[in-house]
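I have placed the structure first, in the form of structure tokens, so that the comments after it can refer back to it.
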Amino acid sequence: QVQLVESGGGLVQAGGSLRLSCVVSIRTFSNYATAWFRQAPGKEREFVAAISWRGSTTAYADSVKGRFTISRDNVKNTRYLQMNSLKPEDTAVYYCAATRGWTTSPTDYGYWGQGTQVTVSS
């Protein structure tokens, strides 16, 4: 049983920052990767960033490299997505997801949070 709960979304102006949090609850611990995806209205869900369970490996979409940072706090079982220099095109519902593998494809992730809305105004 895996549960993920996102928080931290909101409305910000272009150029601003937000930090999203994802609390991960796993009944039986095993190696897994966590990732952030986002979906804007009328668009497909797209990969944003991922981190391995040890935190030794990270991956970012080209569109967010240099602006977003994914990190973890194993004590709190929380993953973070620090978003800086936000742009209007970053507006989307952001989802935290988990998988036992290592992949950036949303179809390979079997565990999802409910999502948190991020809106960036120009």
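These figures come from a predicted structure and were not determined experimentally. Heavy atoms only: backbone and side chains are in, while hydrogens, waters and symmetry mates are out.
Residue pairs meeting the disulfide (SG to SG under 2.5 Å) criterion with at least one member in residues 61-92, sequence neighbours excluded, do not occur. The stretch residues 37-90 participates, sequence neighbours left out, in no disulfide (SG to SG under 2.5 Å) pair at all. Pairs of residues two or more places apart, or lying in two chains, that qualify as disulfide (SG to SG under 2.5 Å) and include a residue from residues 78-122 are Cys22-Cys96. Identified under the disulfide (SG to SG under 2.5 Å) test for residues 45-93, with sequence neighbours left out: none.
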Side-chain donor-acceptor contacts of residues 115-122 below 3.5 Å, not counting sequence neighbours, with atom names and distances?
from: Thr116; atom 1: OG1; to: Gly9; atom 2: N; distance (Å): 3.2
from: Gln117; atom 1: NE2; to: Ala92; atom 2: O; distance (Å): 3.4
from: Gln117; atom 1: NE2; to: Thr119; atom 2: OG1; distance (Å): 3.3
from: Ser121; atom 1: OG; to: Val12; atom 2: O; distance (Å): 3.4

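Qualifying side-chain hydrogen bond (donor to acceptor under 3.5 Å, both in side chains) partners for Ser71, counting only residues two or more places apart in sequence or in other chains: none. Among residues two or more places apart in sequence or in another chain, the ring-ring contact (aromatic ring centres under 6.0 Å, His included) test is passed with Tyr80 by none. Residues that satisfy the side-chain hydrogen bond (donor to acceptor under 3.5 Å, both in side chains) test with Lys76, not counting sequence neighbours, are absent from this structure. For the ring-ring contact (aromatic ring centres under 6.0 Å, His included) test, residues two or more places apart in sequence or in another chain that qualify with Trp112 are Phe37. Residues passing the side-chain hydrogen bond (donor to acceptor under 3.5 Å, both in side chains) test with Gln3, sequence neighbours excluded: none. Under the rule for a side-chain hydrogen bond (donor to acceptor under 3.5 Å, both in side chains), Thr57 has no partner lying at least two apart in sequence or in another chain. Partners of Arg67 according to the salt bridge (Lys or Arg N to Asp or Glu O under 4.0 Å) rule, which considers only residues two or more places apart in sequence or in another chain, are Asp90.
One N or O on the side chain of Gln114 and one on the backbone of Glu6 form a donor-acceptor pair closer than 3.5 Å. Remark: side-chain polar atoms of Tyr94 are not paired, donor with acceptor, to backbone N or O of Ser7 under 3.5 angstrom.
Here the closest heavy-atom approach between residue Ala59 and residue Phe47 is recorded as O-CZ, 3.5 Å. Here the closest heavy-atom approach between residue Ile51 and residue Thr58 is recorded as CG1-CG2, 3.8 Å. Tyr109 and Ala33 get closest at one heavy-atom pair: CE2-O, 4.0 Å. The shortest non-hydrogen separation linking Thr34 to Ile70 is O-CD1, 4.1 Å. Shortest non-hydrogen contact noted between Val2 and Leu4 is CG1-CD1, 4.1 Å. Counting all heavy atoms, side chain and backbone alike, Ala98 lies closest to Tyr32 at CB-CD1, 4.4 Å.
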message: Let's go through Asp73 and Thr78 carefully: what are the C-alpha distance in whole Å and the side-chain angles of both, what is the deciding distance for side chain to side chain donor-acceptor pair (under 3.5 Å) to 0.1 Å, and is it a yes or a no?
response: CA-CA 5 Å; Asp73 185 331; Thr78 303; over 6 Å; no
query: Between Thr103 and Ser105, does a side chain to side chain donor-acceptor pair (under 3.5 Å) hold up when you go through it step by step?
result: CA-CA 6 Å; Thr103 176; Ser105 174; 4.9 Å; no
- request: Evaluate the side chain to side chain contact (heavy atoms under 4.5 Å, CB included) criterion for residues Phe68 and Leu86: first the C-alpha distance (whole Å), next the side-chain angles of each, then the deciding distance (0.1 Å), finally the verdict.
  value: CA-CA 9 Å; Phe68 291 10; Leu86 284 163; 3.9 Å; yes
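A cation-pi arrangement, defined by a distance under 6.0 Å to the six-membered ring centre and an angle within 45 degrees of its axis, is absent between Arg38 and Tyr95.
If you check the side chains of Ser17 and Asn84, you find a donor sitting under 3.5 Å from an acceptor.
Under the 4.5 Å side-chain contact rule for hydrophobic residues, Trp53 and Tyr60 do not share a cluster. Hydrophobic clustering (ILVMFWY, side-chain heavy atoms < 4.5 Å, transitive): Trp36 and Val93 are in distinct clusters.
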